[in-house]
There are 4 protein chains.
Amino acid sequence: MKAELIKESINLFVEKGFSATSIQDIVDKLGVTKGSFYYHFKSKEALLMHIHLSYIDDLLKRQKTILETEKEARGKLVKVVELLIHDIEKQGALGRVYYREIRHLTPENAATIRKKRAEFRDRIESIIKEGIENGEFRKNLEAKMITFGILGITNWSYQWFNPKGDLSVRELADMYTDFILHGIQSKDS
Amino acid sequence: MKAELIKESINLFVEKGFSATSIQDIVDKLGVTKGSFYYHFKSKEALLMHIHLSYIDDLLKRQKTILETEKEARGKLVKVVELLIHDIEKQGALGRVYYREIRHLTPENAATIRKKRAEFRDRIESIIKEGIENGEFRKNLEAKMITFGILGITNWSYQWFNPKGDLSVRELADMYTDFILHGIQSKDS
Amino acid sequence: MKAELIKESINLFVEKGFSATSIQDIVDKLGVTKGSFYYHFKSKEALLMHIHLSYIDDLLKRQKTILETEKEARGKLVKVVELLIHDIEKQGALGRVYYREIRHLTPENAATIRKKRAEFRDRIESIIKEGIENGEFRKNLEAKMITFGILGITNWSYQWFNPKGDLSVRELADMYTDFILHGIQSKDS
Amino acid sequence: MKAELIKESINLFVEKGFSATSIQDIVDKLGVTKGSFYYHFKSKEALLMHIHLSYIDDLLKRQKTILETEKEARGKLVKVVELLIHDIEKQGALGRVYYREIRHLTPENAATIRKKRAEFRDRIESIIKEGIENGEFRKNLEAKMITFGILGITNWSYQWFNPKGDLSVRELADMYTDFILHGIQSKDS
DNA sequence: AATGAATGAGCATTCATTCAT
DNA sequence: AATGAATGAATGCTCATTCAT
């Protein structure tokens, strides 16, 4: 039941947004009553926090595995990009809630999530720095901005990419990895 | 008055989101009454549509000027990236409302906006294709995905970039232009 | 303009009722603004009172003419029934407003109208009493109830009668006059 | 609670009309809150429909019993007139809401009620026709108009009759039955 | 004679939440 | 583990009315 409440909530939050989704909307989809919701969650915000936490914790765990497995900066980066893009397929809608609705968390909860987001970002930044130092990546890069740029490319794909469309998740990940590594220009000038 | 209502609305929509912002919130900021709001706007959604329309129409107009002025694909692309990033400074918060709140428009209005968004995107795609054809850009690029990638990099900056911080808008635009053109790898491999 | 406001108001009051009709609805139909309405009428209630007054005053005047012209009770009654039914054709919708919306007048205005209504009714009651006394009508009639009965027959026709339908106003008046005078039974029993 | 809401609503709708009665007015009378009203009724219109439906359904059921019990057209008609007038006593105010506020139903709901009203009317018309055919009633009557006339007499009494006044419901029903059957003229002319 | 702008109160409805059962 | 009933606050919106121009 709790799991079903979460699943249905995510769908509705994606579709209509957190504020525009009422508890009534959620329980109606499952044919239960509001009392039931409040047995499982302390509040609407608690549900949102639950969704945010399980999403970022999962991401951090998988990122950690990558960092421990891969040796080169390039390999690490490729795998992290793949992690983010593959996520669209597995978690689908979830990502969209994650990026959009953080402002509906209480300040404390939002801070917790932001800390974890920063951690995820910092680890990517470290990969970039590592690559710059060991010569894998170009010297004059601003690691922080590049990190945001990479996150922009991947996160934005949540807005338009349809995993059931012509292009596979694998192909998209390859394309974006190539884009990030080589840019688009035909030769250095 | 109408202009002030729009300005204050945008601030609040950015801060709390469209659904979480009430008409009362908006008019309280200006010390007027709700009746006054409804004299100027038919509905809350009509205000949101107004915001969306004026944003995208302005963007399209400036994009058109760029396309008519610049000769090379590279130059066009650089200017469009600068257009998007400079916008953060000039329009500030507006962009964030634009990307986030489209789902609160009526289906018809949303369709209108999406059509205009697609036009903006298609014009970028055309630049990429043009560059591929005339040898400015690499041959094996998938123009559509690259377009989304570029939009991801620039649009994502609305989420974190603070134009009053250490890094200037100009520097950010340069950095991202460099990133998009050359990628991050030290040499082709 | 004032006349047009009245005409359009009556139509709307009939269609949607007094409370459910807004000043905005009225002025929209004429393409003018609310300020214009308030130039001609002190308030919405004042308009309603105007409508009520002109309706009942006209009815009382015509009823008086009938009483002065006809000699026999029977003739007077027939003419008054015709007066009420003919009114549907001439005044159309107005009657429906008159009977329905009196409770939206201020207590003082409502009292004024009710006094005039009572006068109209009393004059009919007098006709009945006169007819009973001089043998034109049956002895055992309760004049007051019969008066209400007659008004019921005629006023109810405002609810269903369509003057543009198969049956003419003239025919309806004849039929109801016949009904009132003879009843429906084939012979006394 | 639901029953109490209905009862209090009817009183208020009679007194002030449907549009002029607010949900607040209703719940204030019972000392509960608006939320409570909306727990029991989907909307204000849903309450009005409930009132209309239960009124006409009850009337149709009792009319059916009369038609099955009485043999002669005359007896049927007398009983139906009594049914309508007795109703004033038992249902009191309800009738006034029923005839006045139908235009505040949604078009679909109004159609449903109108269909049932027409059924009630058609059954009276059938009684008249039956009486004309078997010689109980006069030959030259137009059944449809007579039906509307009878309904006018009875329904109009909702507007003025006070069951607690001098005249009893029984006496009024007798008087109107007599009026309908014999008319008011002393002898046929 | 009419407009444009504004007000303040009120409206139907929805909401997150509570709680006895 | 879940329901039915209720609350109180808020929401988007409409209203009759006013008034300077």
Side-chain angles (χ1 to χ4, degrees), chain A residues 1-2 4-5 18-28 30-48 104, chain B residues 1-2 4-5 18-28 30-48 104, chain C residues 1-2 4-5 18-28 30-48 104, chain D residues 1-2 4-5 18-28 30-48 104:
Chain A
M1 167 87 323
K2 189 170 179 174
E4 284 184 273
L5 283 167
F18 177 77
S19 286
T21 301
S22 70
I23 307 287
Q24 194 62 252
D25 290 338
I26 298 166
V27 298
D28 280 358
L30 294 171
V32 295
T33 56
K34 278 190 276 191
S36 190
F37 177 93
Y38 280 93
Y39 177 79
H40 292 290
F41 298 99
K42 213 180 113 328
S43 68
K44 196 185 174 190
E45 193 264 350
L47 162 65
L48 186 63
H104 296 115
Chain B
M1 168 86 320
K2 191 171 177 175
E4 285 184 272
L5 283 168
F18 177 79
S19 287
T21 300
S22 69
I23 306 290
Q24 196 61 252
D25 290 338
I26 296 167
V27 297
D28 281 356
L30 293 172
V32 294
T33 56
K34 275 188 283 187
S36 195
F37 176 93
Y38 280 95
Y39 178 77
H40 292 288
F41 297 99
K42 216 180 103 350
S43 67
K44 197 186 175 189
E45 192 264 350
L47 162 64
L48 186 63
H104 295 116
Chain C
M1 168 88 322
K2 190 169 179 176
E4 284 185 273
L5 283 167
F18 176 78
S19 286
T21 300
S22 70
I23 306 288
Q24 195 62 250
D25 291 337
I26 297 166
V27 297
D28 280 357
L30 294 172
V32 295
T33 56
K34 279 191 277 190
S36 191
F37 177 93
Y38 280 93
Y39 177 78
H40 293 289
F41 297 99
K42 213 179 112 330
S43 68
K44 196 185 175 191
E45 194 264 350
L47 163 64
L48 186 62
H104 295 116
Chain D
M1 168 86 320
K2 192 171 177 174
E4 285 184 273
L5 283 167
F18 177 78
S19 287
T21 301
S22 70
I23 306 290
Q24 195 63 254
D25 291 338
I26 296 167
V27 296
D28 281 357
L30 293 172
V32 295
T33 57
K34 276 189 280 189
S36 194
F37 176 93
Y38 281 94
Y39 178 76
H40 293 289
F41 297 98
K42 216 178 107 345
S43 68
K44 195 185 175 191
E45 192 264 350
L47 162 63
L48 186 63
H104 295 115

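Below, chain A is the first sequence line, B the second, and so on; all start at residue 1. Worth knowing before you read on, the calculation uses all heavy atoms, side chains too, and leaves out hydrogens, waters and symmetry mates.
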T33(A) and V27(A) have their tightest heavy-atom pair at O-CG1, 3.8 Å

Under 4.0 Å: is that the gap between some side-chain N or O of S22(A) and OP1 or OP2 of dC15(E)? yes

Which nucleotide, in any strand shown, forms a Watson-Crick or G-U wobble pair with dC11(E), with both distances under 3.5 Å? dG12(F)

Map S43(D) and F37(C) onto DNA chain E by nearest heavy atom, then report which one ends up closer to the 5' terminus. F37(C)

For M1(B) and V32(B), work out which heavy atoms get closest and say how close. SD-CG1, 4.0 Å

Specify the residue among M1(D) and I23(C) whose closest nucleotide of DNA chain F lies further upstream toward the 5′ end. M1(D)

Minimum-distance nucleotide (side-chain atoms of S36(C) versus dC13(F), dT3(E), dT7(E)): dT3(E)

Return whichever of Y39(C) or Y38(D) has its heavy-atom-nearest nucleotide of DNA chain E closer to the 5' end. Y39(C)

Is there a side-chain polar atom (N or O) of H40(D) under 4.0 Å from OP1 or OP2 of dG4(F)? no

Can you tell me how far P of dA5(E) sits from CG of L30(B), to the nearest Å? 16 Å

Closest approach of H104(A) to E45(A) (non-hydrogen atoms, all atoms of both residues): O-CG, 3.5 Å

Below 3.5 Å, does any donor atom in the side chain of K34(D) face an acceptor in the base of dT13(E), or the other way round? yes

Out of curiosity, L5(C) CG to Y39(C) OH, how far, rounded to the nearest 0.5 Å? 12.5 Å

Would you kindly give the NZ-to-C1' distance between K42(C) and dC19(F), to the nearest whole Å? 16 Å

When the distance from CG of L47(B) to P of dG12(F) is rounded to whole Å, what number comes out? 11 Å

Gap between atoms CD and P, on Q24(B) and dG12(F) respectively (whole Å): 9 Å

Applying the 3.5 Å cut-off to both distances, the Watson-Crick or G-U partner of dA20(F) turns out to be dT3(E)

When rounded to whole Å, the NZ to P distance for the pair K2(B) and dA5(E) reads 10 Å

d(CZ, F41(A); P, dT18(E)) in whole Å: 15 Å

State, to 0.1 Å, how close K44(D) and F18(D) come at their nearest heavy-atom pair, and which atoms those are. NZ-O, 2.9 Å

Mind checking if S19(C) touches a base, just sugar-phosphate, or nothing, with heavy atoms under 4.0 Å? nothing

Send over the distance from I26(A) CD1 to dA2(F) P, rounded to a whole Å. 15 Å

Expressed as a whole number of angstroms, how long is the span from F18(B):CZ to dG12(F):P? 8 Å

Taking the nucleotide of DNA chain F with the nearest heavy atom to each, does A20(B) or K44(C) sit closer to the 5' end? A20(B)

